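Structure first, then comments.
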Amino acid sequence: MVYAGSDDNVTQAWQQDTGRAPIATKIVVAGGFGVGKTTLVGAVSEIEPLVTEAVMTQASEGTDDLAATPEKTTTTVAMDFGRITLDAGLVLYLFGTPGQRRFWFMWDDLVRGAIGAIVLADTRRLEDCFPALDYFESCGLPYIVAVNHFEGTTRYEPEDVREALSVPPRVPIVVVDARERESALASLTELVGHAVELSPA
C-alpha cells in the first residue's frame with residue numbers, strides 16, 4: 001500500500017480528483033505515561049505534528065514514575081495531533097491522549113467522534129494501560145492493543161500479553177515499534193479494519 005505523504009511526496013490520481021472528497025476519521029492513541037504515544041503520532045504524521053510537550057520539573061516528582069523511562073524529560077499535557085492520508089481516500093486524524101491521571105479529565109473530549117483507539121502497552125509496566133482498557137471497554141469504543149517493545153526489554157508473544165491484561169479474544173493485539181513509520185502504520189491499519197468489522201452494516 002502506498003501512503004500519501006510518504007517519501008518522494010508522490011501525488012496519487014485520486015488526490016487530484018476535485019469531485020471526490022476523502023473520508024475523514026478520528027483515531028485516538030492512548031496508554032500510560034511515557035509509553036510512546038507522542039512518538040507513534042510523530043512517526044506516521046504527514047504534517048508536522050502538533051505536540052503539547054512540557055518540560056518535567058521537580059513539581060512532578062513523586063507523581064510521575066520515571067523508573068522505566070529515566071531519560072524522559074518532557075510530557076504531554078494536553079494532546080498530540082497528526083494526520084495521515086491513505087491511498088484509498090481515507091484521512092486519519094490522530095489524537096494522542098495525555099497519560100497521567102491528573103489529565104484524564106480531557107479524555108472524553110478527545111475521544112468524542114473517534115472510530116476507535118490504539119492502546120499502547122509497555123511490557124515493563126503493563127498495569128499502566130489498565131485505565132485506558134477500562135475506559136474503552138466501558139464506553140464501547142473499538143480498540144486494539146499495540147505492544148510497544150522498547151530496546152533491552154523481554155519480548156512477549158501477543159497472546160501472553162492478552163492473558164496478562166485479560167483482554168477479550170475479540171480485541172486484536174499487535175506488536176509495534178512506535179519509532180518506525182511502517183510499523184506504526186500497520187497498527188493503524190489493523191485498528192481501522194477492526195473498527196469497520198464492528199461497525200453497523
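For clarity, every value in this text was computed on a predicted model and none was experimentally measured.
A distance of 9.0 Å separates CG of Leu92 from CD of Glu46, quoted to the nearest 0.5 Å. The CG atom of Asp128 sits 9.5 Å away from atom CZ of Phe130, with the distance rounded to the nearest 0.5 Å. Of the inter-residue distances, the one linking Glu137 atom CD with Asp134 atom CG reads 8.0 Å to the nearest 0.5 angstrom. With rounding to the nearest 0.5 angstrom, the OG1 atom of Thr154 is 9.0 Å from the NE2 atom of His149. If you take CG on Asp160 and OG1 on Thr123, they are separated by 11.0 Å, rounding to the nearest 0.5 Å. We find the CZ-CG distance between Arg112 and Leu141 to be 12.5 Å, quoted to the nearest 0.5 Å.
Under a hydrophobic clustering in which Ile, Leu, Val, Met, Phe, Trp and Tyr are joined whenever their side-chain heavy atoms come within less than 4.5 Å, directly or via other members, Leu198 and Leu191 fall into different clusters. Hydrophobic clustering (ILVMFWY, side-chain heavy atoms < 4.5 Å, transitive): Ile84 and Leu90 are in one cluster. Under the 4.5 Å side-chain contact rule for hydrophobic residues, Val174 and Leu40 share a cluster.
Residues Val145 and Cys129 are not in side-chain contact: their nearest non-hydrogen atoms beyond the backbone lie 4.5 Å or more apart. Within the 4.5 Å cutoff, no side-chain heavy atoms of Asp122 are placed close to those of Phe33. With contacts defined as side-chain heavy-atom distances shorter than 4.5 Å, the pair Thr39/Asn148 does not qualify. Using a 4.5 Å cut-off on side-chain heavy atoms (C-beta onward), Val175 and Pro158 make contact. Counting heavy atoms from C-beta outward, Val147 and Tyr156 have side chains that stay 4.5 Å or more apart. Residues Val192 and Ile27 are in side-chain contact: their nearest non-hydrogen atoms beyond the backbone lie under 4.5 Å apart. Annotation: side chain of Pro98 is in contact with side chain of Leu110 (closest heavy-atom distance under 4.5 Å).
With hydrogens and angles disregarded, no donor-acceptor distance shorter than 3.5 Å links the side chain of Asp80 to the backbone of Val41. Panel note: side chain Arg179, backbone Gly36; no donor-acceptor pair is recorded below 3.5 Å. A donor-acceptor pair is defined here as one N or O able to donate and one able to accept, closer than 3.5 Å; such a pair exists between the side chain of Ser187 and the backbone of Ala184.
Around CD of Glu157, the count of heavy atoms belonging to other residues, nucleotides or ligands within 6.0 Å does not exceed 12.
Annotation for Lys37 and Ala30: closest pair CD-C, 3.5 Å, computed over non-hydrogen atoms. Nearest approach of Arg83 to Val91, heavy atoms of both residues: CG-CG1, 3.6 Å. Closest approach of Ser183 to Asp177, counting heavy atoms only: OG-N, 2.8 Å. Contact detail for Pro49 and Gly42: the closest heavy-atom pair is CG-CA, 4.0 Å. When every heavy atom of Ala178 is checked against every heavy atom of Ala43, the shortest pair comes out as O-CB, 3.3 Å. Scanning all heavy atoms of the two residues, the minimum distance from Val119 to Ala132 falls at CG1-CB, 4.0 Å.
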| task | Could you check Ile118 against Val176 for side chain to side chain contact (heavy atoms under 4.5 Å, CB included), going step by step and ending with a plain yes or no? | result | CA-CA 11 Å; Ile118 293 177; Val176 65; over 6 Å; no
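Contacts of Phe95 classified as ring pair (Phe, Tyr, Trp, His ring centres under 6.0 Å), with partners at least two apart in sequence or in another chain: Phe81.
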